[in-house]
Amino acid sequence: MTVPHHALEITLTRPLSANTLRRAARELPLAANHNATRLMTLVPAKTPHLAARRLRHRLDARLPIAVLTTHYPDTDDQILLNIAFPPALHAAIRHSARQARQSPELFLKLALDDALARHSSDEADRLDRAVGKLLAHTTSAHLLAAVGRALSRHPGVPRP
């Protein structure tokens, strides 16, 4: 049976030296970004969770890993987020999850979903206020033309 490979992205707490990257790459093939703060690798495992666990086991002692994520969404359009919390924080999360009668994973997922929804709402409100201020001094046609020009000059801007 062929074991699937999972593309994982490693976000580091600090840039790596060339020697540290070379030593880690002996353990597992790694591709680094321009400043060696993010790495990509393929890990053979039955599931993304097992791939992340295997990667942590192999590289945690060698690299300053902050976060592991799957590079591609799964069939439910979800990305695995793997964070190694300090023991005190992990205990606090377990305690809060127990009080909410949830698993720590579900507790964190719901908290993260809520935080992202709040951020999205805050961002929409901020943009609405900014557009309102702009419309106080110009017409909607002029504003729309200016936005079109700005987007055509900056095609790499993030899009939802």
Side chains of [X] and [Y]: closer than 4.5 Å at any heavy-atom pair?
{"X": "Ile65", "Y": "Leu12", "value": "yes"}
{"X": "Leu135", "Y": "Ser140", "value": "yes"}
{"X": "Val43", "Y": "Leu28", "value": "yes"}
{"X": "Thr70", "Y": "Leu8", "value": "yes"}
{"X": "Ile79", "Y": "Pro48", "value": "no"}
{"X": "Pro73", "Y": "Gln78", "value": "no"}

Of all pairs that satisfy salt bridge (charged side-chain N to carboxylate O under 4.0 Å, His left out), the ones with a partner from residues 20-37, not counting sequence neighbours: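 Pairs touching residues 20-37 that pass the test: Glu27-Arg58, Glu27-Arg62.
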
Pairs involving residues 80-99, ordered by first then second residue, that meet salt bridge (charged side-chain N to carboxylate O under 4.0 Å, His left out) (sequence neighbours left out):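 Qualifying pairs, neighbours excluded: none.
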
Joint hydrophobic cluster, Leu59 plus Leu21, side-chain heavy atoms closer than 4.5 Å: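 Yes, same cluster.
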
Just verifying a value: how many Å separate [X] [atom1] and [Y] [atom2], rounded to the nearest 0.5 Å?
{"X": "Ile10", "Y": "His71", "atom1": "CD1", "atom2": "NE2", "answer": "12.5 Å"}
{"X": "Asn82", "Y": "Arg56", "atom1": "CG", "atom2": "CZ", "answer": "4.5 Å"}
{"X": "Leu55", "Y": "His6", "atom1": "CG", "atom2": "NE2", "answer": "12.0 Å"}

On a heavy-atom basis, which atom in [X] and which in [Y] lie closest, and how many Å separate them?
{"X": "Ser152", "Y": "Arg149", "result": "OG-O, 2.9 Å"}
{"X": "Thr20", "Y": "Ser17", "result": "OG1-OG, 2.9 Å"}
{"X": "Ala24", "Y": "Leu63", "result": "CB-CD2, 3.7 Å"}
{"X": "Ala52", "Y": "Leu80", "result": "CB-CD2, 3.8 Å"}

If a pair satisfies side chain to side chain donor-acceptor pair (under 3.5 Å) and one of its residues is in residues 113-124, list it, with sequence neighbours excluded.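 The answer is Lys109-Asp113, Asp114-Arg118, Glu123-Arg126.
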
Qualifying side chain to side chain donor-acceptor pair (under 3.5 Å) pairs with a residue from residues 41-52, counting only residues at least two apart or across chains: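 Qualifying pairs: none.
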
Would you mind writing out the side-chain donor-acceptor pairs for residues 32-40 within the sub-3.5 Å range, not counting sequence neighbours?
from: Asn33; atom 1: OD1; to: Ala36; atom 2: N; distance (Å): 3.0
from: Asn33; atom 1: OD1; to: Thr37; atom 2: N; distance (Å): 3.0
from: Asn33; atom 1: OD1; to: Arg38; atom 2: N; distance (Å): 3.1
from: Asn33; atom 1: ND2; to: Asn35; atom 2: OD1; distance (Å): 3.0
from: Asn33; atom 1: ND2; to: Thr37; atom 2: OG1; distance (Å): 3.3
from: Asn35; atom 1: OD1; to: Thr37; atom 2: N; distance (Å): 3.4
from: Asn35; atom 1: OD1; to: Thr37; atom 2: OG1; distance (Å): 2.8
from: Arg38; atom 1: NE; to: Glu9; atom 2: OE2; distance (Å): 2.5
from: Arg38; atom 1: NH2; to: Glu9; atom 2: OE2; distance (Å): 2.5

Members besides Leu89 in its Ile/Leu/Val/Met/Phe/Trp/Tyr cluster (side-chain heavy atoms under 4.5 Å):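 Its cluster mates, by chain and number, are Val67, Leu81, Ile83, Phe85, Ile93, Phe107, Leu108, Leu112, Leu116.
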
